[in-house]
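First the structure, in the form of C-alpha cells, and then the observations on it.
So that the names make sense, note that chain A is the first sequence line, chain B the second, and so on, each numbered from 1. Small disclaimer: the values here were computed from a predicted structure and weren't measured.
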2 protein chains.
Amino acid sequence: MPAKKTSAKIKSPPALQPGVRERLLNTADRLFYTEGVRAVGIDRVLAEAGAAKASLYLHFGCKDDLVAAHIERRVTSARAEIEAYVIDTPPAERALRFFDWVVDMTKSPDFRGCPLQHVVAELSDPEHPARLVAAKQREWLHGKFVEWTRAAGVANPAATAGALVVLFDGAVVASEHDGPRRACDARWMAGQLLLR
Amino acid sequence: MPAKKTSAKIKSPPALQPGVRERLLNTADRLFYTEGVRAVGIDRVLAEAGAAKASLYLHFGCKDDLVAAHIERRVTSARAEIEAYVIDTPPAERALRFFDWVVDMTKSPDFRGCPLQHVVAELSDPEHPARLVAAKQREWLHGKFVEWTRAAGVANPAATAGALVVLFDGAVVASEHDGPRRACDARWMAGQLLLR
DNA sequence: CCGAATATAGACAGATCTGTCTGTTTTTAA
DNA sequence: TTAAAAACAGACAGATCTGTCTATATTCGG
C-alpha cells in the first residue's frame, strides 16, 4: 500500500496536468471557437479533455454556463493582450496602435473570426449568459476608444469612438471572410480618421 | 364522390396558397434567419409550413441544401433591392447611397444581422454549399464597390472598394450589437472616404 | 491513518435531430 | 375518365444531445 502513496507522490509534482476545471475550459474554448458552440456537444468536450461528465456539471452547472465561461476567458485574455499591446505607445497614438493588434490577430493561422460575434450569431436569445458577457466587453472596448480618441485630441471623441467600433467589427468579420488584408484596410482607414 | 371533385374545384382558384416548395422556403428563410440554421430543426420548418417531410426532401434533397437555398434567396433579393435602391442615383454617388440602404436595413424591426455572416459563424466548413453561395455574394458586392468607386473618380478605386467592404461588414455587425446608430457612423465614414 | 472532497466511468432517461420508407389522398394532365 | 405526378401523414431507424444518477477510485487535509 505504501507503494501506492509513492506512485501518487511521483505522479503529482504539484500538477503534471492542469486541474480538471482548467482542462475542461481549455478544451471547450478551443472546440467552441473552432467549430461553433452549437456544433460541439458535451461528450466531445469530455472525451478530448479526458474528464468525467460529473466534473463538468460540478464546475460549470450546465452547457450554457460553460459557453459563458468560454466567452469570459476570451474577453479576459483579450483585454490583457490589448492593454499590454498599447502600454508602450503614447496615449494619443493608442487607437491606431490597437489596429496593429487587430491585424496581428487576423494573421494568426487559427484565426476564425470573433468568438463574441459568433456567439451572437449562434444564440438568438439576448439574455443568454454568454451574450451578456459579450455585451459587457463591447462596452469596455467602446470605453477604451473614447479614452484613446480623447487622448488623440480629435474633434468629436464620442463620434470617432463609435466609428472605430464599426471599423473594428468590420476588420474582424471581413478578415474572416476575405483574409487579413481587410484588417489592413481597416487600419489604414482608422489612420485617416485619427491623423488630422 | 363528385362532391369531392366539386370541393376540389372550389378549393383551388389557381393557388390559394403558394406551392409547397415556396411555402417551405418562406418558412425556412424566416426561421433560419430569426433563430439560426442549427437551432431550427426540419420538423419545425415542416410544422410551420404545413408541409410533409417527403416534400422537403423531394424539393431540396437535404437540410444543408435547404440552408443553401435560404442563403441563395437572401442573396438574390438583396441584389435586386440594392440595384433598385441606387438606380436613380448618379453612378458617382452610388457608393454612398448604398450606405443609406444599409442604414434602412438596420432600422428594420426584425433586423438581426447578416444571414451570410451568421451562416459563416454557424457552419465551420468553408465548403458548405451555403458558404459557397455567401462567398460569391461577397465577390459581387466587392465588384459593385469597385464599379462605384471608379465612377466616383477616387484616387485608388480598388483600395477604396476594400475599405468599403470593411465598412459594410462593420456597419451590419456593429448594428446587430449596438443598434442602427452604428450604420449611421459607417455611412458618415464612407462619406469621408469618398467625398474628396 | 482516515474521512471528506474530488474525479472517473458509464448507464440511463428523455428529447431531438436528419433522413428513409410506406401508405393514402389530392391534384394535374392527357 | 383515368393514369401519373405531387403532396400529405406519420411511423421508423439510428444517431446525438443535455442532464441525472449510481458506484468506484483517487486525492488530500487534519
Measure from the side-chain heavy atoms of B/Ala52 and tell me the nearest of D/dA9, C/dG19, D/dG19.
D/dA9
Group every Ile, Leu, Val, Met, Phe, Trp and Tyr by side-chain heavy-atom contacts under 4.5 Å, then state whether B/Trp101 and B/Phe145 land in the same group.
yes
Distance check needed: C/dT18 P versus B/Tyr57 OH, whole Å only.
6 Å
NA contact type, A/Ala54, heavy-atom cut-off 4.0 Å: base, sugar-phosphate, or nothing?
base
Please report the shortest heavy-atom distance between A/Val146 and A/Pro157, naming the atom on each side.
O-CB, 4.5 Å
Is the shortest side-chain N/O distance from A/Arg23 to OP1 or OP2 of C/dT8 below 4.0 Å?
yes
Taking A/Asp104 first and then A/Lys107, would you say they form a salt bridge - that is, a charged N and a carboxylate O separated by under 4.0 Å?
no
For B/Arg44 and C/dT16, give me the distance from atom CZ to atom P, rounded to whole Å.
11 Å
May I ask you to verify whether the side chain of A/Lys53 and the base of D/dG19 hold a donor-acceptor pair under 3.5 Å?
yes
Nearest-nucleotide wise, let me know which of A/Ala49 and B/Gly41 is further upstream toward the 5' end of DNA chain C.
A/Ala49
Starting at CG of A/Leu56 and ending at P of C/dG10, how long is that distance when rounded to a whole Å?
17 Å
Roughly how many Å is it from CG in A/Leu58 to P in C/dA9, rounded to a whole number?
16 Å
N-O pairing of B/Arg73 and B/Glu22 below 4.0 Å
yes
Quickly work out the B/Leu46 CG to C/dT16 C1' distance and round it to whole Å.
14 Å
Taken to the nearest whole Å, NZ/B/Lys63 to C1'/D/dA15 is 15 Å
Which nucleotide in the set D/dA7, C/dC17, C/dA7 lies at the smallest distance from any side-chain heavy atom of B/Val20?
D/dA7
If you check every side-chain atom of A/Ala51, which of C/dC17, C/dT8, C/dA7 has the closest atom?
C/dT8
Phosphate oxygens OP1/OP2 of D/dA6: is one of them under 4.0 Å from a side-chain N or O of B/His59?
no
Rounded to whole angstrom units, what separation is found between the CD atom of A/Glu22 and the P atom of C/dT6?
17 Å
Under-4.0 Å side-chain N/O to phosphate OP1/OP2 contact, A/Ser55 with C/dA7:
no
Specify the separation, in whole Å, of atom CD1 of B/Ile42 and atom P of C/dC21.
16 Å
Are the charged groups of A/Arg74 and A/Asp29 less than 4.0 angstrom apart, N to O?
yes
